[in-house]
Amino acid sequence: MQVGFIGLGVMGQPMALRLASAGTPLVVWNRTADRAEPLRAAGAEVAADAGEVFARAEVVLLMLADETAVDAVLGRGTPALSARVTGRTVVHMGTTSPEYSHALETDIRAAGGRYVEAPVSGSRVPAEQGRLVAMLAGEETAVAAVRPLLAPLCRESFACGPVPGALLMKLAVNIFLITQVTGLTEAFHFAERQGLDPRLFLDVLDAGPMASAVSRMKAPKLRERDFAVQAAALDVLKNNRLIAEAARKARLASPLLDVCHTLFEETVARGHGGEDMVAVLRAIEARTAEAP
């Protein structure tokens, strides 16, 4: 089966490379063309435009930044949508609002295509290692057909019922991720400013029950002030907003998330949106500097 992949950003490129290295017949496209060159070197075919991907592939995976990018690639709202999706399966792997995804499924199915919602949990390093966790939603037959294709990318995948069950699951998981990393960052800041050895603090943390795969990935970045992106602060802010909007619509309180939302807004406003999410440390440090 020819598989298409559109969107070769921080997450998309390593994901597509995993598919290519697993021998998946792959045709790719990215708006910034040079992002496709590592895929060409890995044996994937590079399309001239998004339309060519749909013309050549039976299943097209989309790992795009936002709803506007997804609509543009699909030609949504134009006759191009039907031409691109009829007889094909569209797999939406990015993070958008659940309402958007539900409406997108309706449009794709009306145009003669199939739709699977497949957001993933994990950042750049798990993507490179094929250790993402996928959440799948859609018609059972479509989910069953897509699930094996994602095996090179994921250590596990979970069926989450009809759309938008997978995106709601992803948002719930992200509440824990965002609050966990923000809490780790604040604890690191406290220890450092109290004159404790940061390495010793992180060693004590790693030896105890609070240690996790996330803390072990983020702790060295805090220690070294390494803000190279794994999951960008701007993307975390976007996800935070999506969760907050979903919570408000369901009349749910989200007190911890709301605090994190403000801190990530401050991080991005200070010009650190393109840095890793541990750059929230910069907002916490700024608050300390401004404290009376």
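We use all heavy atoms of the structure for the numbers below, so side chains are in, but hydrogens, waters and symmetry mates are not.
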Whether over 12 other heavy atoms sit under 6.0 Å from Arg76 CZ:
yes
Verify whether one side chain among Glu58 and Thr89 offers a donor that lies under 3.5 Å from an acceptor in the other.
no
I'd like to check the salt bridge (Lys or Arg N to Asp or Glu O under 4.0 Å) partners of Arg251; sequence neighbours left out, ordered by chain and number.
none
Leu167 with Met63, same ILVMFWY side-chain cluster at under 4.5 Å:
no
Give a yes-or-no answer on whether the side chains of Lys218 and Gln230 include a donor-acceptor pair shorter than 3.5 Å.
yes
Which heavy atom of Ala44 sits nearest to which heavy atom of Val28, and what is that distance?
CB-CG1, 4.3 Å
Go through the structure and list residues passing salt bridge (Lys or Arg N to Asp or Glu O under 4.0 Å) with Asp66, not counting sequence neighbours.
none
Are Arg287 and Glu266 ion-paired here, with the side-chain N under 4.0 Å from a carboxylate O?
yes
Judged by modelled atom types alone, do Lys238 and Thr95 share a side-chain donor-acceptor pair under 3.5 Å?
no
Hey, what else clusters with Leu168 if you join Ile, Leu, Val, Met, Phe, Trp, Tyr whenever side-chain heavy atoms sit under 4.5 Å?
none
Output a table of donor-acceptor pairs, distance under 3.5 Å, between side-chain atoms of residues 14-21 and any protein atom two or more places apart or on a different chain; print 'none' if there are none.
from  : atom 1 : to     : atom 2 : distance (Å)
Arg18 : NE     : Pro152 : O      : 3.1
Arg18 : NH2    : Pro152 : O      : 3.2
Ser21 : OG     : Leu17  : O      : 3.2
Ser21 : OG     : Arg18  : O      : 2.9

Residues in salt bridge (Lys or Arg N to Asp or Glu O under 4.0 Å) with Arg223, at least two apart?
none
Treating Ser97 as the side-chain partner and Ala246 as the backbone partner, does any N or O pair qualify as donor plus acceptor under 3.5 Å?
no
I'd like to know if the side chain of Arg35 and the backbone of Leu8 have a donor-acceptor N/O pair within less than 3.5 Å.
yes
Scanning both residues in full, the closest heavy-atom pair of Ala283 with Leu263 reads CB-O, 3.6 Å
Carboxylate-amine/guanidinium contact Glu245 Arg241, below 4.0 Å:
no
Say whether, by atom type as modelled, one donor and one acceptor occur between the side chain of Lys170 and the main chain of Pro119 under 3.5 angstrom.
no
Sequence-distant partners of Glu140, side chain to side chain donor-acceptor pair (under 3.5 Å), two or more places apart:
none
Donor-acceptor pair, side chain of Thr78 and main chain of Ala80, under 3.5 angstrom:
yes
Ignoring hydrogens and geometry, is there a side-chain-to-backbone donor-acceptor pair from Glu186 to Ile284 under 3.5 Å?
no
Residues clustering with Ile6 (ILVMFWY side chains joined when closer than 4.5 Å, directly or via others)
Val27, Trp29, Val53, Phe54, Val60, Leu62, Leu64, Val70, Val73, Leu74, Leu81, Val85, Val90, Tyr100, Leu104, Ile108, Tyr115, Val163
Check residues 194-210 and write down every donor-acceptor pair under 3.5 Å in which the side-chain atom is one partner and the other belongs to a residue at least two apart or another chain.
from   : atom 1 : to     : atom 2 : distance (Å)
Asp197 : OD1    : Arg199 : N      : 2.9
Arg199 : NH2    : Glu224 : OE2    : 3.3
Asp206 : OD1    : Arg216 : NE     : 2.5

Thr267-Arg282 side chain donor-acceptor pair, cut-off 3.5 Å:
no
Is a donor on one side and an acceptor on the other found under 3.5 Å between the side chain of Ser215 and the backbone of Ser212?
yes
Going through the checks in order, is the side-chain contact (heavy atoms from CB on, under 4.5 Å) test met by Val278 and Phe227?
CA-CA 7 Å; Val278 295; Phe227 299 117; 3.9 Å; yes
Co-members of Leu252 in a cluster of I, L, V, M, F, W and Y side chains, linked at under 4.5 Å:
none
Given 3.5 Å as the limit, does a donor-acceptor pair link the side chain of Arg124 with the main chain of Val229, or not?
yes
Taking transitive links into account, so neighbours of neighbours count too, which hydrophobic residues share a cluster with Met217 at under 4.5 Å side-chain distance?
Val125
With no hydrogens and no angle check, just 3.5 Å: does a side-chain donor-acceptor pair link Ser101 and His92?
no
What heavy-atom pair brings Thr182 and Ile178 nearest, and what distance separates the two atoms?
OG1-O, 2.7 Å
side-chain contact (heavy atoms from CB on, under 4.5 Å) involving Ala144 - partner list, sequence neighbours excluded
none
Which residues satisfy the salt bridge (Lys or Arg N to Asp or Glu O under 4.0 Å) test with Glu139, sequence neighbours excluded?
Arg109
Determine whether Met169 and Ile243 fall in the same hydrophobic cluster, where Ile, Leu, Val, Met, Phe, Trp and Tyr are linked whenever their side-chain heavy atoms lie under 4.5 Å apart.
no
If you look at every heavy atom in Met277 and Val181, which pair is closest and at what distance?
CE-CB, 3.7 Å
